[in-house]
Amino acid sequence: MYALSPNVNNFTAGSIAAKDRAKTPVNQIKPLAKTDPNSDESLLIAVGNTQDTSAFNQLFIRFSKKIFAMGMKLTRNEQVAHDLVQEAMLTVWQKAPLYDLDRGTAQSWIFTLTRNRCFDMLRKQKRQPNTISADDIWPTEGDGDAVFVNEERGSLEVEIAQIERFYSDLPDAQQAVVKQIFVLDRTHEEAAKALQIPLGTLKSRLRLGVGKLRQLIGPTP
Amino acid sequence: MTNTANFHPSLELLTDFSQGKLATGISVALSAHLELCEICQEKASKLESEAAKFWAKAADDKTSPDFSDMISAIVGQAQTTYDESAGKQERPPVNEIHMLHHSVTLPRVLAKAASQGLVWKTLAGGIKRASVIVDNKTQCEFIYMTPGSQVPVHRHQGSEVTLVLDGSFSDELGHYRATDFMVRTKDNLHKPTSEEGCLCFAVLDSPLTFTKGFAKLMNPLIEYKFRKALAARA
């Protein structure tokens, strides 16, 4: 991840590290996002954990005009774009407790949330039927997943012997992920590390694998 | 057994999708494909974070109005608790379509679309279709081709997106299986057939034109119905 500063990797060959140091004055090395209290991520976490209004102010200053710009680009309507700023920043405030670093960068989180609100606002403005909303089209990674996976874990452990046959029908990549989580009882992060795949890939494989198993097992009583 | 798609949405389409630029009908078809296709899911999430990065990096417009008077009203609102949000993503009620000998589990977004109720209509050639209304720009429908069925040759006036959900079908350009995602434009004449039967989700942005035989007589009728259907929704 290039968001991290080069000095994080302190196992780099000495010559390379020295070369980097020569080029980059020490005070310009970016601190880790996690520890910088002024990073978007830290601010967002502060808003979520302690309803920190000054952190929210900072985020508002950083993002409100960007949200307006996205609104203008997608709707070409100043009033709608204005309302989008209100709606999106309100959602940032309300959903901040759900954010954690697993969800990716704060800018990515705010971007998708703004896109989704904008999509729904446009639909409403054009009086489209409300059968489908943005959250159906771009399901939130995490919120529902946590519950879903925990439920599955309970029943899978009990029936593991019977479902072994189904399990062996899964593609290898999905089998490996299901094994890490359900058999070895690892966390998503640990499993991703063990398999050397990105966390997002792990989660999608897990969802596909568990979905397939669930389909094969059939309705549970 | 795994369903690995041979036909995927283009990079342009995924890019527009990740930026929320597409009509709801097309977005629904793409979302359903992504749920089934790991490769495109990864591509889309990469495109999304690239778009986010680009968006966050762009310099603010100096002429943009100031919104800071909104802050006090926002921070007066209650925040979401974890549980509240977790319960929201329940699976919608209709998540399977029953076919002749088995049932097909639908991707989440299609299950949601189908939850308005599906009314199947039988057409000539062993085709059944059930339309769902998701927006007023496109015509979305589930299409079920019974084994051995054949759609009369037709040409699209606009474009048609097809996502195969179960079984397979063929036309002049290829053989398509579950998870495959195709876009056909007005330049493609086509005549789909299905030996084993096939369930698809199709999104049309303007009516079909049949080009051969008696089916041609249906053209004005289709055009009329399409316009009427769109007018009724607007």
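The chains referred to below are lettered A, B, ... by the order of the sequence lines, with proteins before strands, and numbering in each begins at 1. Side chains included, hydrogens not; waters and symmetry mates left out as well; all remaining heavy atoms used. Bear in mind that the values here come from a model prediction, so they are computed numbers and not experimental data.
For residues 78-86 of chain A, the interface with chain B (any heavy-atom pair closer than 4.5 Å) comprises A/His82, A/Val85, A/Gln86, sorted by residue number.
One distance of note links NZ of A/Lys66 with NZ of B/Lys57; it measures 11.0 Å at 0.5 Å rounding. The structure places CG of A/Leu90 at 10.5 Å from CE of B/Met70, a figure rounded to the nearest 0.5 Å. If you take CD1 on B/Ile39 and OG on A/Ser204, they are separated by 11.0 Å, rounding to the nearest 0.5 Å.
At distances below 3.5 Å, not a single donor-acceptor pair connects side-chain atoms of B/Trp55 with backbone N or O atoms of A/Phe111. Not a single donor-acceptor pair under 3.5 Å links the side chain of B/Lys112 to the backbone N or O of A/Ile132. Within the 3.5 Å criterion, the main-chain N or O of A/Val47 finds a donor-acceptor partner in the side chain of B/Gln79.
In this structure, chain A has heavy atoms under 4.5 Å from both the backbone and the side chain of B/Glu48. Residue contact with chain B, scored on non-hydrogen atoms closer than 4.5 Å, involves the backbone and the side chain of A/Ile137 alike. For A/Val92, no part lies under 4.5 angstrom from a heavy atom of chain B. Of the two parts of B/Ala56, the backbone and the side chain both hold a non-hydrogen atom closer than 4.5 Å to a non-hydrogen atom of chain A. Neither the backbone nor the side chain of B/Ser45 comes within contact range of chain A; no heavy atoms are under 4.5 Å apart. Residue contact with chain A, scored on non-hydrogen atoms closer than 4.5 Å, is absent for B/Ala32. With a 4.5 angstrom heavy-atom cutoff, A/Thr131 touches chain B via backbone and side-chain atoms both.
Ranked by heavy-atom pairs under 4.5 Å with chain B, the list A/Phe60, A/Phe119, A/Phe56 is led by A/Phe60. Heavy-atom pairs under 4.5 Å with chain A peak, among B/Ser64, B/Ala73, B/Ala51, at B/Ser64. Among the candidates B/Val28, B/Leu34, B/Thr24, the residue making the largest number of heavy-atom pairs closer than 4.5 Å to chain A is B/Thr24. Note on B/Ser49, B/Ala44, B/Ala78: by heavy-atom pairs under 4.5 Å with chain A, the leading option is B/Ala78. Here A/Ile67 is the residue among A/Ile61, A/Asn130, A/Ile67 with the most heavy-atom pairs under 4.5 Å with chain B.
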Stepwise, does the side-chain contact (heavy atoms from CB on, under 4.5 Å) test hold for B/Val75 with A/Gln51?
CA-CA 8 Å; B/Val75 299; A/Gln51 290 78 52; over 6 Å; no
Begin with the C-alpha distance, continue with both residues' side-chain angles, and end with the deciding distance and a verdict on side chain to side chain donor-acceptor pair (under 3.5 Å) for B/Glu42 and A/Thr201.
CA-CA 7 Å; B/Glu42 254 179 66; A/Thr201 310; 3.2 Å; yes
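Here the options are A/Lys203, A/Arg205, A/Arg207, the test is salt bridge (Lys or Arg N to Asp or Glu O under 4.0 Å), and the partner is B/Glu38; only A/Arg205 passes.
Around atom CD of B/Glu195, no more than 12 heavy atoms belonging to other residues, nucleotides or ligands sit under 6.0 Å away.
Residues A/Lys65 and B/Asp61 fail the side-chain proximity criterion, which asks for heavy atoms closer than 4.5 Å. Between A/Asp136 and B/Arg108 there is no side-chain heavy-atom pair separated by less than 4.5 Å.
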